[in-house]
Amino acid sequence: MPMGHTATGQAGSGGLTATEHRLANGLRVVLSEDHLTPVAAVCLWYDVGSRHEVEGRTGLAHLFEHLMFQGSGQVKGNGHFELVQGAGGSLNGTTSFERTNYFETMPAHQLELALWLEADRMGSLLAALDDESMENQRDVVKNERRQRYDNVPYGTAFERLTALAYPEGHPYHHTPIGSMADLDAATLEDARAFFRTYYAPNNAVLSVVGDIDPEQTLAWVEKYFGSIPGHDGKHPPRDGSLPDVIGAQLREEVVEEVPARALMAAYRLPHDGTRACDAADLALTVLGGGESSRLHNRLVRRDQTAVAAGFGLLRLAGAPSLGWLDVKTSAGVEVPRIEAAVDEELARFAAEGPTPEEMERAQAQLEREWLDRLGTVAGRADELCRYAVLFGDPQLALTAVQRVLDVSAEEVQAVAKARLRPDNRAVLVYEPLAADESAENAAETDEPAQNVATEGADQ
């Protein structure tokens with residue numbers, strides 16, 4: 001039977017508790033009881049994302065997010081969706097730089113079904129993985145790339161900025177969607193080797209949260225997952241460390257058919273899991289987190305030079321995080337005017353720091369976001385997995401807000417002064433096509449791509 005220990009409620013955890021267990025095959029299991037509503041969430045994080053991919057085979061992690069919904073040893077075709085939804089549940093999966101996750105929220109009495117389904121595809125996906133499912137999902141992922149990236153306004157911004165912010169050869173230089181060429185090049189044997197390497201119980205964390213009986217839940221986990229063998233062939237991701245500051249502004253201009261000029265920038269910030277990253281989160285919240293932020297007040301309300309202005313944090317554990325600036329200009333406003341105003345506000349913030357009122361508001365905003373995540377069984381299951389996979393301790397999820405509330409205004413000012421500088425950013429400027437070029441493009445009639453998006457794979 002699985003071994004484990006029980007955690008007690010900690011200060012700042014809101015009374016929430018979690019228990020941790022590990023099966024003999026290495027699967028980590030985290031349970032959190034919550035009898036408020038008769039539902040249970042199952043979340044499974046695999047420690048594999050696009051940072052684990054090698055040159056020439058990008059996009060495999062995201063492709064597998066789709067393949068995992070295409071049948072397994074005892075569940076054929078679309079059966080995973082049909083069984084979960086037929087039982088009144090919901091499900092999906094996502095891929096990022098640092099992990100791939102799968103999740104179901106079920107009526108509590110259907111928990112065993114969700115656990116059996118996840119175990120079946122962990123243990124027997126290769127029995128169903130063939131050329132037909134590979135080709136089908138390869139086409140689905142390519143179509144997703146067209147629909148979400150290549151054929152929408154500003155769709156390639158994330159891909160372009162990360163490629164600028166992380167140098168060639170860096171494990172975060174490419175995004176999870178992968179390139180068309182690499183998706184075409186991936187073979188069935190590539191997929192099978194990827195699955196054997198990363199989709200093993202000793203490379204995963206399973207969390208179950210909600211109206212559960214922990215003893216019965218552990219018995220089901222042992223019954224369905226316990227016989228799946230582990231795999232020791234995983235290579236650690238390549239080193240993602242970089243200097244604190246880029247050292248020079250990196251810049252790219254894109255002329256496309258977009259509705260407005262845009263200024264986007266990615267600033268190199270501290271790694272997730274550090275106090276400095278929490279300070280950076282507070283700085284960006286004061287500067288660009290909502291309609292009470294400095295940049296919104298300056299650009300949208302006062303100057304009326306922008307229709308939207310936001311500044312948020314992409315937290316990353318294995319590489320420097322990114323502070324993500326996104327400003328869409330008002331009609332007729334040139335980007336240099338926006339950029340000068342942004343730099344002026346960042347310099348003022350670095351010189352003066354946040355006011356007490358701004359600190360209180362920013363901390364309250366991040367506390368509310370934390371409560372929102374932990375307030376649902378699905379959100380809490382995801383957070384427990386996140387802290388277990390990325391930081392080794394799921395209990396950190398229950399006290400994360402306290403670490404944010406402990407950060408001082410001086411620390412927020414210090415990280416802004418050190419990092420929110422012109423020589424520490426990658427900049428992307430969007431300029432709309434000239435009117436005659438837009439009219440020429442509109443006159444061309446291309447056959448639209450067929451919509452074959454699968455239900456199962458949100459990136």
Side-chain angles (χ1 to χ4, degrees), residues 49-55 58-59 61-62 95-99 145 148-150 154-179 182 237-254 256 258 261-274 276-281 283-285 287-289 295 309-328 335 338-339 342-343 346 350 390 415-431 459:
S50 58
R51 67 171 173 166
H52 295 86
E53 297 166 347
V54 297
E55 185 177 356
T58 65
H62 179 231
T95 311
S96 77
F97 291 103
E98 301 182 325
R99 60 95 184 104
R145 181 183 170 88
R148 294 188 177 185
Y149 287 73
D150 298 334
Y154 317 108
T156 59
F158 181 63
E159 191 172 45
R160 292 174 184 273
L161 267 182
T162 52
L164 277 177
Y166 300 113
E168 188 78 36
H170 190 273
Y172 292 67
H173 179 73
H174 71 277
T175 56
I177 193 67
S179 73
D182 287 357
R238 289 169 291 139
D239 182 17
S241 60
L242 290 169
D244 287 351
V245 175
I246 296 173
Q249 180 174 257
L250 308 173
R251 199 174 189 91
E252 181 180 339
E253 182 174 303
V254 181
E256 285 186 354
V258 292
R261 293 187 177 96
L263 170 68
M264 301 182 190
Y267 291 77
R268 188 177 291 177
L269 294 176
H271 288 62
D272 192 14
T274 64
C277 187
D278 290 334
D281 205 353
L284 300 190
T285 302
L287 287 163
L295 290 177
F311 210 172
L313 180 63
L314 174 62
R315 287 178 174 263
L316 295 169
S321 301
L322 293 181
W324 206 269
L325 175 72
D326 187 348
V327 182
K328 304 296 193 306
V335 168
I338 293 286
E339 194 166 0
V342 168
D343 286 342
L346 296 188
L390 298 181
V415 76
K417 186 175 182 179
R419 302 295 192 102
L420 300 182
R421 307 168 5 188
D423 66 344
N424 188 38
R425 69 186 178 199
V427 176
L428 191 61
V429 174
Y430 275 91
E431 288 287 341
Q459 186 180 343

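- Shown here for Pro171 and Gly240, the closest heavy-atom pair between the two residues is CG-CA, 4.0 Å.
- Within 6.0 Å of CD in Glu253 there are more than 12 heavy atoms belonging to other residues, nucleotides or ligands.
- Considering Tyr149, Tyr172, Trp324 in turn, Trp324 is the only one that fulfils the ring pair (Phe, Tyr, Trp, His ring centres under 6.0 Å) rule with Phe158.
- To the nearest 0.5 angstrom, His173 atom NE2 is 8.5 Å from Leu164 atom CG.
- Between the NE2 atom of His52 and the CZ atom of Arg99 there is a distance of 12.5 Å, given to the nearest 0.5 Å.
- Across all non-hydrogen atoms, the minimal contact from Arg261 to Glu431 is NE-OE1, 2.7 Å.
- Counting all heavy atoms, side chain and backbone alike, Val415 lies closest to Ala283 at CG1-CB, 4.5 Å.
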Could you go step by step and tell me if Leu325 and Leu295 meet the side chain to side chain contact (heavy atoms under 4.5 Å, CB included) rule? CA-CA 10 Å; Leu325 175 72; Leu295 290 177; 3.7 Å; yes
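- In terms of modelled atom types and a separation under 3.5 Å, the side chain of Glu256 and the main chain of Tyr430 share no donor-acceptor contact.
- The closest side-chain heavy-atom distance from Ser50 to His174 is below 4.5 Å.
- Atoms CG and CG, on Leu316 and Leu390 in that order, are 9.5 Å from each other to the nearest 0.5 Å.
- Between Leu269 and Leu313, some side-chain heavy-atom pair lies under the 4.5 Å cut-off.
- In this view, Glu339 and Arg251, Arg425 satisfy the salt bridge (Lys or Arg N to Asp or Glu O under 4.0 Å) rule, not counting sequence neighbours.
- Looking only at side-chain heavy atoms (C-beta outward), Leu322 and Leu161 stay at 4.5 Å or farther from each other.
- Inter-residue side-chain proximity for Asp278 and Arg315 is flagged as met; some heavy-atom pair is nearer than 4.5 Å.
- Residues Ser321 and Asp281 have side chains not in contact (no heavy-atom distance under 4.5 Å, counting atoms from C-beta outward).
- A distance-only check finds no donor-acceptor pair linking the side chain of Gln249 to the backbone of Val427 [under 3.5 Å].
- In terms of heavy atoms, Ala262 sits closest to Tyr154 at CB-CE2, 3.7 Å.
- Atom CG of Asp326 sits about 4.0 Å away from atom CE of Met264, to the nearest 0.5 Å.
- Looking only at side-chain heavy atoms (C-beta outward), Tyr267 and Leu284 stay at 4.5 Å or farther from each other.
- Here Leu242 contributes atom CG and Arg268 contributes atom CZ; the two are 4.5 Å apart, rounded to the nearest 0.5 Å.
- Side-chain contact check for Thr175 versus His62: every heavy-atom pair is 4.5 Å or farther apart.
- Evaluation of the salt bridge (Lys or Arg N to Asp or Glu O under 4.0 Å) rule for Asp423 yields Arg421 as partners, not counting sequence neighbours.
- Taken from CG in Asp182 to CD1 in Ile177, the straight-line distance is 12.0 Å, to the nearest 0.5 Å.
- You'll find the side chain of Arg145 reaches within 4.5 Å of the side chain of Glu159, heavy atoms only.
- For Phe97 against Pro176, the heavy-atom pair with the smallest separation is N-CG, 3.8 Å.
- Between His170 and Ala319, the shortest heavy-atom distance links the atoms CE1-CB, 3.8 Å.
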